[in-house]
2 protein chains.
Amino acid sequence: MSSTNASITNPRLVLLELLLRQARPLTIDQVLKLTRGRLAQSTLYRVINDLRDFGLVSAFMNLDKTMVIELDDPVASHHHHIFCRQCGSITDIELNSELELNLETEVKRIESEHHISIDSHSLELFATCRACIND
Amino acid sequence: MSSTNASITNPRLVLLELLLRQARPLTIDQVLKLTRGRLAQSTLYRVINDLRDFGLVSAFMNLDKTMVIELDDPVASHHHHIFCRQCGSITDIELNSELELNLETEVKRIESEHHISIDSHSLELFATCRACIND
DNA sequence: GTAATAAATGAGAATAAGTCTCAATTAGTC
DNA sequence: GACTAATTGAGACTTATTCTCATTTATTAC
């Protein structure tokens, strides 16, 4: 996975195609259900790690501490997530670009104030989503 | 724990005193070590949940997906966390107040745009901390 | 202070997400 | 097609957190 050459294999294609088709963050359970037995669970976790190393997929935690993955599209802009506390749905959001810039400037200030090297940031919003409000 | 009355018990006092004394986020392991057997592990988790329900403690995830807790001081201002990817240390930070205000305004905009009800937000910075840079 | 009773504790069993192992399969190269 | 390295799949394993339940403690009423 590092110095040697990576192969284009079925499990990797299956996962990439699914993520491309769904175009939204998916949980492990969702991936397993949507691929209906075509991926062994251990393979899924391994393939996720491989694709993360390749920079094709990114992963983060759900509210229940389980893994959520999505395509790491280098063209799409930096974004964040809203988590619904009730139904667990996850929504992608973008901050307005001015705020995102100000955030990055502030991160740089914090970097020099604390003499650390910050390589990424993530804003998480916790909410009750539209569907759950109407219940 | 909800409609009935809560008691002031030793484990609850032990944990609150520790958090007050340390004044920094602590992992489960750190709490267990620092309290040296005075809290059963199962009691610790239960007491954490109780104190969260009481609004005295807040909890979040470490990089290794384990629980981190800290005092939820209603007087102290809203803050965020820096996680060191190498050593796992966690540092509290505050955004400059203008940015924090702008962030809250943007959150309100997102709220109305998506017709959802956002109840909290959290910014996480991932970094290499001062100590780890010098290694 | 003591009795009654509701709440909380402690020890260990149970759960489950994610990781690891290793023999079998597959992709890429010659 | 044969060779070699990479990958897969099945299931065992790990471990943070939750659960259970008998025992203990805190609180309230007297």
Side-chain angles (χ1 to χ4, degrees), chain A residues 1-19 25-70 81 83 85 88 90, chain B residues 1-19 25-70 83 85 88-90:
Chain A
M1 144 224 100
S2 45
S3 57
T4 54
N5 280 331
S7 309
I8 296 169
T9 66
N10 212 256
R12 289 173 184 177
L13 284 176
V14 165
L15 181 57
L16 284 174
E17 277 170 23
L18 178 67
L19 288 174
L26 294 176
T27 63
I28 298 293
D29 278 353
Q30 288 173 329
V31 172
L32 288 175
K33 262 182 203 137
L34 290 165
T35 54
R36 290 242 154 209
R38 283 184 296 158
L39 272 75
Q41 192 214 42
S42 57
T43 301
L44 174 56
Y45 281 108
R46 198 157 4 80
V47 165
I48 289 172
N49 281 331
D50 295 343
L51 296 182
R52 288 175 78 178
D53 289 339
F54 302 156
L56 296 172
V57 158
S58 62
F60 55 95
M61 282 305 114
N62 208 341
L63 287 183
D64 64 1
K65 299 183 209 171
T66 61
M67 202 185 275
V68 180
I69 59 174
E70 66 185 343
H81 297 110
F83 298 84
R85 290 194 198 274
I90 299 163
Chain B
M1 149 223 99
S2 47
S3 59
T4 53
N5 280 333
S7 309
I8 296 169
T9 66
N10 213 257
R12 290 173 182 176
L13 284 176
V14 165
L15 181 58
L16 285 174
E17 276 171 21
L18 179 68
L19 289 173
L26 295 176
T27 63
I28 298 294
D29 278 355
Q30 287 172 329
V31 172
L32 287 175
K33 261 182 205 139
L34 289 166
T35 53
R36 291 241 153 208
R38 281 186 296 160
L39 271 75
Q41 195 212 41
S42 57
T43 301
L44 173 57
Y45 280 107
R46 198 157 6 78
V47 165
I48 288 171
N49 281 331
D50 295 343
L51 296 182
R52 288 175 77 178
D53 290 338
F54 302 156
L56 296 173
V57 159
S58 60
F60 54 96
M61 283 305 116
N62 209 342
L63 287 183
D64 64 1
K65 299 181 206 167
T66 60
M67 200 185 279
V68 181
I69 58 174
E70 65 186 344
F83 297 86
R85 289 195 198 275
S89 73
I90 299 162

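Chain letters run A, B, ... following the sequence lines, proteins first, then strands; residues in each count from 1. This one's a predicted model, so the numbers in the text were calculated from it and none came from an experiment. Side-chain atoms are counted along with the backbone in the values below, which use heavy atoms only and exclude waters and symmetry mates.
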More 5' along DNA chain D: B:Asn10 or B:Met61, using each one's nearest nucleotide?
B:Met61

If you find the nucleotide of DNA chain D closest to B:Ser7 and the one closest to B:Gln41, which residue's nucleotide is nearer the 5' end?
B:Gln41

Kindly indicate whether the side chain of B:Arg46 and the base of C:dG10 share any N or O donor-acceptor pair separated by less than 3.5 Å?
yes

Looking at the base of C:dA11, is there any donor atom on it, or on the side chain of B:Ser42, that sits under 3.5 Å from an acceptor on the other one?
yes

Do the side-chain N and O atoms of A:Thr66 and A:Asp64 include a donor-acceptor pair separated by under 3.5 angstrom?
yes

Rounded to whole angstroms, how far apart are [atom1] on [X] and [atom2] on [N]?
X       : N      : atom1 : atom2 : answer
A:Leu16 : D:dT7  : CG    : P     : 14 Å
A:Met67 : C:dA16 : CE    : P     : 18 Å
A:Leu13 : C:dA27 : CG    : C1'   : 12 Å
A:Leu44 : D:dT7  : CG    : C1'   : 14 Å
A:Ile28 : C:dG18 : CD1   : C1'   : 9 Å
B:Leu39 : C:dA11 : CG    : P     : 11 Å
B:Ile69 : D:dA16 : CD1   : C1'   : 15 Å
B:Ile8  : C:dA7  : CD1   : C1'   : 13 Å

Taking only side-chain N and O atoms of B:Thr66, does any of them lie within less than 4.0 angstrom of OP1 or OP2 on D:dA16?
no

When you measure from the side-chain N and O atoms of A:Tyr45 to the phosphate of C:dT19, is any distance below 4.0 Å, counting only OP1 and OP2?
no

Which of these passes side chain to side chain contact (heavy atoms under 4.5 Å, CB included) with A:Leu51: A:Ile69, A:Leu19, A:Leu16?
A:Leu16

Looking across every strand, which nucleic acid part, if any, lies under 4.0 Å from A:Thr9 by heavy atom: base, sugar-phosphate, or nothing?
sugar-phosphate

Distance-minimising heavy-atom pair for B:Pro11 and B:Thr43:
CB-CG2, 3.8 Å

Of all heavy-atom pairs between B:Leu32 and B:Leu39, which one has the smallest distance, and what is that distance?
CD2-O, 3.8 Å

Aromatic ring pairing B:Phe83/B:Phe60, orientation class (parallel under 30°, perpendicular over 60°, tilted between):
perpendicular

Considering only C:dT9, D:dG9, C:dA8, which nucleotide approaches the side chain of A:Thr43 most closely?
D:dG9

